[in-house]
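Every chain is numbered from 1 and lettered A, B, ... according to where its sequence line falls, protein lines coming before strand lines. Predicted, not measured: the structure shown is a model, and the values here were computed from it. Hydrogens, waters and symmetry mates play no part in the numbers below; they use all other heavy atoms, side chains included.
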Protein chains: 2
Amino acid sequence: MTTSLEITHPPAHGDLREGLINAGLTLLARDGTAGLTLRKCAALAGVSHAAPAHHFQGLPGLLDAIAARGYSRFADAMEAQASAGPNEPRARLEAICLAYFDFARDNPALYDLMFRQIWSLAGSGEELRLAGARAYAVLAEASAPFVLPGTAPGVVETQVWSLIHGYATLTLVGKLGRNRPIASVEDLLSLLRRLPLNL
Amino acid sequence: MTTSLEITHPPAHGDLREGLINAGLTLLARDGTAGLTLRKCAALAGVSHAAPAHHFQGLPGLLDAIAARGYSRFADAMEAQASAGPNEPRARLEAICLAYFDFARDNPALYDLMFRQIWSLAGSGEELRLAGARAYAVLAEASAPFVLPGTAPGVVETQVWSLIHGYATLTLVGKLGRNRPIASVEDLLSLLRRLPLNL
DNA sequence: AAGTGCGCTTGACAGTGTCAAGGAAAACGG
DNA sequence: CCGTTTTCCTTGACACTGTCAAGCGCACTT
């Protein structure tokens, strides 16, 4: 009944918290959202079922920490993809959108956790707030060249974010391509190409 | 709004199924996603905790049925709003998008259930499939005038759907307005105004 | 009137998160 | 080097979840 995976080393002092987060990420990637459980995390990290409560305040706290880690990786992925291409506004924006979608596709359960966290009202969630803000900053920076004078930056940012996030979530739940052949990410981005540049 | 869901005494033969669905909708509206439970539905409908299993195949089946009801109301709401305004392509599209957002805002838990149903692999879900297709048809019809010759209809449909769905979900989880002042739905729709009409 | 099904109830089971209480062991102070 | 304190974790219980097997009751059939 015990799962095959066990962490062999007795956890050194500080890193049980880290171990629990990693266990959560593993479970999420392997078994999906339903497979992520406080008790399974504890078992995978090699501790008793109530141990997580001492490092996070209950399940919400653990999910918060996992989501924060997710946002961190998310921001890294977008930054990397943006830096890989030409340093031109439209290319950067499209690179970030592609990275956004790829991340969601490659980490569906984690992505779902990140953008679902209705709980997170629990802890102040400082770590989560910071990681989320960093990811948002990447998107905001790429949107900046399209902000027309006299308009709030939040408008373009929200347009871009809504578009790519909607596409990602709809794809993840399998909604797209049910009634029509799937429109690709490039098809999607063609709408953004209509955005005028602020020269 | 229908209706009384209080079945005080032994329910007549056919309508326990209906009563359970209504109980589910009530719980969803009152207590949110976490408040929707097989046992609470059964209790609210006045039957024993295992009764639902005979009308739906377990929890997934009940959620399927509730989501189907949600899609039906969703399609109704969009159609009503579209018919209320002028019969002009841009006005219709914007009316539908506004109705889309209003529905999500007014029925957050139900909306979440509808667009989350990862389960629904259970039953073939014919009822759900139909109701979902009807809602999609409303959106597709409003998008049709913007389909340029030589392009697949699915492209514009996906653009519109992704944009409004992304905005709705981001708003629901409270992501928007954290880093910048909130961009309104109208701000969002200004992006769609860039879509050329197919005259 | 007896037989036959269907609709629902009852009771149990393995899970889940959470909490109170206790123990082991490291850190500390003398 | 010993006693105390503090920190971290374990143990055990609780209420709650969905699911399943068995069985009761009542309507309908013959």
Side-chain angles (χ1 to χ4, degrees), chain A residues 1-3 6-21 23-24 27-28 30-67 109 113 116-123, chain B residues 5 7-24 27-28 30-67 109 113 116-123:
Chain A
M1 196 46 193
T2 64
T3 40
E6 282 190 12
I7 290 197
T8 53
H9 67 280
H13 267 53
D15 57 14
L16 211 193
R17 184 186 163 95
E18 202 65 17
L20 286 169
I21 294 178
L27 286 172
L28 218 44
R30 204 186 53 187
D31 304 329
T33 303
L36 177 55
T37 284
L38 254 182
R39 292 170 112 104
K40 285 185 193 162
C41 274
L44 192 55
V47 290
S48 84
H49 68 267
H54 293 267
H55 292 271
F56 314 93
Q57 44 230 63
L59 179 61
L62 175 56
L63 296 180
D64 247 46
I66 295 176
L113 173 66
R116 202 176 147 61
Q117 31 115 181
I118 11 188
W119 39 82
S120 96
L121 313 165
Chain B
L5 56 89
I7 299 182
T8 53
H9 291 321
H13 265 54
D15 57 12
L16 211 193
R17 183 184 163 96
E18 202 64 18
L20 286 169
I21 293 178
N22 286 330
L27 286 171
L28 219 43
R30 205 185 54 185
D31 303 329
T33 304
L36 176 55
T37 284
L38 254 183
R39 292 170 110 106
K40 285 186 194 161
C41 274
L44 192 54
V47 291
S48 84
H49 68 268
H54 292 266
H55 293 270
F56 313 94
Q57 46 231 63
L59 179 62
L62 175 58
L63 297 180
D64 247 47
I66 295 175
L113 173 66
R116 203 178 146 61
Q117 30 114 335
I118 13 187
W119 39 82
S120 94
L121 312 164

For A:Ile66 and A:Phe56, run side-chain contact (heavy atoms from CB on, under 4.5 Å): C-alpha distance rounded to whole Å, both residues' side-chain angles, the deciding distance at 0.1 Å, then the answer.
CA-CA 11 Å; A:Ile66 295 176; A:Phe56 314 93; over 6 Å; no

[X] [atom1] to [N] [atom2], straight-line distance once rounded to whole Å:
| X | N | atom1 | atom2 | value |
| --- | --- | --- | --- | --- |
| A:Leu16 | D:dT7 | CG | P | 17 Å |
| A:Phe56 | C:dG17 | CZ | C1' | 15 Å |
| A:Leu63 | C:dT16 | CG | C1' | 13 Å |

Given A:Leu113, which partner from the list A:Thr33, A:Leu63, A:Asp64 fulfils the side-chain contact (heavy atoms from CB on, under 4.5 Å) test?
A:Leu63

For B:Ala23 versus B:Cys41, what's the shortest heavy-atom pair and its separation?
CB-O, 3.8 Å

Grab the two heavy atoms, one from B:Gly24 and one from B:Leu36, that are nearest each other, plus how far apart they are.
CA-CD1, 3.7 Å

Rounded distance (nearest 0.5 Å) linking atom CG of B:Leu62 with atom CZ of B:Arg17
9.0 Å

Could you give the distance from NE2 (B:His55) to CG (B:Leu16), rounded to the nearest 0.5 Å?
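Separation between the atoms: 4.5 Å.
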
Nucleotide-level pairing of DNA chain C, given in dot-bracket where Watson-Crick and G-U pairs need both distances under 3.5 Å and | marks other strands:
||||||||||||||||||||||||||||||

Looking at residues at least two apart in the chain, or sitting in another chain, which of them share a side-chain contact (heavy atoms from CB on, under 4.5 Å) with A:Arg39?
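Applying side-chain contact (heavy atoms from CB on, under 4.5 Å) to A:Arg39 gives A:Thr37, A:His49.
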
Could you work out, with side-chain contact (heavy atoms from CB on, under 4.5 Å) as the rule, every residue matching A:Ala51, not counting sequence neighbours?
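Only A:Val47, A:Ser48 meet the side-chain contact (heavy atoms from CB on, under 4.5 Å) criterion with A:Ala51.
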
Do nucleotides 11-21 of chain D as a string where each nucleotide becomes B, S or -: B if the base has a protein heavy atom under 4.0 Å, S if just the sugar-phosphate does, - if no protein is that close.
BBB---SBBB-

